[in-house]
There are 2 protein chains.
Amino acid sequence: MISTYYSDNSTFFVAVDCIIFGFKDKDLHILLTRRPVEPQGGQWSLMGGFMEENESLDQAAEKVLYRYTQQKGIYMEQVKAYGDVNRDTGGRVVSVAFYALVRLEEFDTSLARKFDARWVKIQQLPKLIFDHNRMVEDALTLLRYKTSMQPIIFNFFDKKFTLPALQDLYEAIYQTPIDKRNFRKKIASMQILDKLNIKDKTSSKRGAHYYAFNEKKYQQFIREGKRFSL
Amino acid sequence: MISTYYSDNSTFFVAVDCIIFGFKDKDLHILLTRRPVEPQGGQWSLMGGFMEENESLDQAAEKVLYRYTQQKGIYMEQVKAYGDVNRDTGGRVVSVAFYALVRLEEFDTSLARKFDARWVKIQQLPKLIFDHNRMVEDALTLLRYKTSMQPIIFNFFDKKFTLPALQDLYEAIYQTPIDKRNFRKKIASMQILDKLNIKDKTSSKRGAHYYAFNEKKYQQFIREGKRFSL
DNA sequence: ACAAAAGTGTTCACACTACACCCATGG
DNA sequence: CCATGGGTGTAGTGTGAACACTTTTGT
């Protein structure tokens, strides 16, 4: 039996906005689109959508992510909720931001045309609608924290990656150069990667070894009371 | 002019739930209440309330905090939004959790009676309604992170505090003993506190010096590129 | 043979940890 | 005078930062 306590209260639109991060050309990128509807149609915007009756916030975010990337099993995390009264000039909307890490190697560029979307370097972000710039800032802060404490960075790659690429990615995320030897020493000390017997020859003549994250080794690492840190 | 794009979508109740932290008797406490309405009336619950048309999420949280503590200027921070379809058995409600740090020394105990509220030690949390236990866990994780990185812990006190009390508070938050000399060395090295000329004699015959957080010294500390860390 | 990126160790400074005794005071 | 909590320093260890040369190979 439902009390009237609930129905006396106001209701609101609830949206999700996704900060979709991808890594290419040695730079961190975000997927943006030209907003297709009024108000502020044509302005740069994050990928978003409204939550529906039968879905959770997480499911709404997954729906949006799948629509714009066609990738399943994307790493995703909530940033926070934004609820200023006038944040959305088109109506009273509470929006919950999520950031996601996608594998850009397998991104279908025809999707970009379909949704008028574009991968933009984080150093070159345009003015976005509403409070989306703030959302990106908050997502970046959280991404930096998380990638330094947990092995989520491998979600940017499709299973295998080279150490130079991994270092480039960290440098792109933190926007600061990292010493190559110290970086590799730290990685090696954790013993959570497998060195593969194949090389990536696309970026050098010598070729860089591919590595892969080993979940079992990582679990063992955690069991020993150690903590991921980069 | 409002597009139909918005009004085609569903709307939801939006609530805020507050994890109100306080420090007394060398332990971290949370303010809980017996839920006054169905469903699950009489069960332990966080302090919450619904967001209204004319207020932001933050304002809704401030409203709830003021209602139950009568304190202004409480330190408050959003934890995250909770939006599972069946998280609230009484209806479809998206709830945004906030944690707050209140000064328990000046807490009016008559408020507790008025709202059937009680300060409960975090080690002795009962089963709470809905997903409130999860909210508390998330809030604690965030509180631990924040107090280690930013000087927000002083919000537990009314301006002045003793070092033994500050250490007890850290030990309560992290649930682990801390070495007295190392703790004091770290505090002293930052030079962001003022040592006052008065002592707290309530917990020892010798008395412990009161200290106060000095915002200007802290700003200077930050300007020098240093970072708070405990 | 050379250009271009991959790969590899050591030293130093500083921060964190562990640890034990004297001090001040009220009763 | 003694019990109780407040207050103080040092030595050792581990972690992060700085730093330069050799290797591989396609052209």
Side-chain angles (χ1 to χ4, degrees), chain A residues 24-27 144-145 147-149 157 160-212 221 224-230, chain B residues 23-27 144 147-149 157 160-172 174 176-212 221 224-230:
Chain A
K24 70 172 180 182
D25 304 335
K26 302 200 174 194
D27 262 311
R144 285 175 178 140
Y145 171 61
T147 50
S148 78
M149 305 285 283
F157 300 104
K160 65 187 196 304
F161 49 87
T162 66
L163 294 185
L166 192 64
Q167 179 173 350
D168 287 341
L169 177 47
Y170 266 101
E171 290 177 338
I173 291 174
Y174 295 109
Q175 292 285 295
T176 179
I178 299 173
D179 181 86
K180 186 167 44 159
R181 282 173 287 190
N182 293 338
F183 180 78
R184 297 168 88 106
K185 205 187 319 166
K186 227 170 177 178
I187 297 275
S189 73
M190 289 192 276
Q191 302 181 96
I192 57 175
L193 300 186
D194 290 327
K195 186 177 189 171
L196 307 184
N197 282 325
I198 45 175
K199 287 185 171 185
D200 168 29
K201 298 274 218 173
T202 60
S203 63
S204 79
K205 319 200 160 157
R206 181 177 180 176
H209 276 98
Y210 275 116
Y211 286 77
F221 175 79
E224 292 168 1
K226 298 171 184 170
R227 291 290 164 252
F228 183 89
S229 167
L230 264 176
Chain B
F23 175 61
K24 69 172 179 183
D25 303 336
K26 302 200 173 193
D27 263 309
R144 285 176 178 139
T147 50
S148 79
M149 305 285 285
F157 301 104
K160 65 186 194 305
F161 49 87
T162 67
L163 294 185
L166 192 65
Q167 180 173 349
D168 287 339
L169 176 47
Y170 267 102
E171 290 177 337
Y174 295 110
T176 179
I178 299 173
D179 181 87
K180 187 167 44 160
R181 281 173 289 190
N182 293 338
F183 179 78
R184 295 168 89 106
K185 206 189 318 169
K186 228 171 176 177
I187 297 274
S189 73
M190 289 192 276
Q191 301 180 97
I192 57 174
L193 300 186
D194 290 328
K195 187 177 189 170
L196 307 184
N197 283 325
I198 45 175
K199 287 186 171 185
D200 168 30
K201 298 271 218 173
T202 60
S203 61
S204 79
K205 318 193 164 164
R206 180 178 180 175
H209 276 99
Y210 276 116
Y211 286 77
F221 175 79
E224 291 168 3
K226 298 170 184 170
R227 291 290 163 254
F228 182 90
S229 167
L230 264 176

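Here is how names work: the chains are called A, B, and so on, in the same order as the sequence lines, proteins then strands, and each is numbered from 1.
A donor-acceptor contact shorter than 3.5 Å links the side chain of B/Asp179 to the backbone of B/Arg181.
Residues from residues 162-177 of chain A with heavy atoms under 4.0 angstrom of DNA chain D: there are none.
Partners of A/Lys186 according to the side-chain hydrogen bond (donor to acceptor under 3.5 Å, both in side chains) rule, which considers only residues two or more places apart in sequence or in another chain, do not exist here. Under the rule for a ring-ring contact (aromatic ring centres under 6.0 Å, His included), B/Phe23 has no partner lying at least two apart in sequence or in another chain. With sequence neighbours excluded, no residue forms a salt bridge (charged side-chain N to carboxylate O under 4.0 Å, His left out) with B/Asp25. Under the salt bridge (charged side-chain N to carboxylate O under 4.0 Å, His left out) criterion, B/Lys180 pairs with no residue, sequence neighbours left out. Taking A/Phe228 as the reference, nothing meets the ring-ring contact (aromatic ring centres under 6.0 Å, His included) condition, with sequence neighbours excluded. With sequence neighbours excluded, the residues that form a side-chain hydrogen bond (donor to acceptor under 3.5 Å, both in side chains) with A/Thr202 are A/Asp200.
We find that CD1 of B/Ile187 is positioned 13 Å from P of C/dC16, with the value rounded to whole Å. B/Leu230 has its CG atom 10 Å from the P atom of C/dC16, to the nearest Å. For the pair B/Lys226 NZ and C/dA15 C1', the interatomic distance rounds to 14 Å; values are reported in whole Å. A straight line from CZ of B/Arg184 to C1' of C/dC16 spans 18 Å, rounded to a whole angstrom. Between the OH atom of A/Tyr210 and the P atom of C/dG7 there is a distance of 12 Å, rounded to whole Å. Rounded to whole angstrom, the span from the CD1 atom of B/Ile178 across to the P atom of C/dA18 amounts to 12 Å. In this structure, CZ of B/Arg227 is placed 18 Å from C1' of C/dA15, rounded to the nearest angstrom.
Here B/His209 does not reach the OP1 or OP2 of D/dG6: none of its side-chain N or O atoms lies under 4.0 Å away.
If you find the closest nucleotide of DNA chain C to A/Lys195 and to B/Ser229, the one lying nearer the 5' end belongs to A/Lys195.
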Quick one, give me the B/S/- string for nucleotides 19-27 of chain C, reading 5' to 3', where B means a protein heavy atom under 4.0 Å from the base and S means that only happens at the primed atoms, P, OP1 or OP2.
BB--BBBB-
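Figure legend: cation-pi geometry between B/Lys226 and B/Phe221 absent, as NZ or CZ is not positioned both under 6.0 Å from the six-membered ring centre and within 45° of its axis.
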Show me, pair by pair, the donor-acceptor contacts under 3.5 angstrom made by side chains of residues 163-171 of chain B, not counting sequence neighbours?
| from | atom 1 | to | atom 2 | distance (Å) |
| --- | --- | --- | --- | --- |
| B/Gln167 | NE2 | B/Glu171 | OE2 | 3.2 |
| B/Gln167 | NE2 | B/Ile178 | O | 2.7 |
| B/Tyr170 | OH | B/Thr147 | O | 3.1 |
| B/Glu171 | OE2 | B/Ile178 | N | 2.8 |

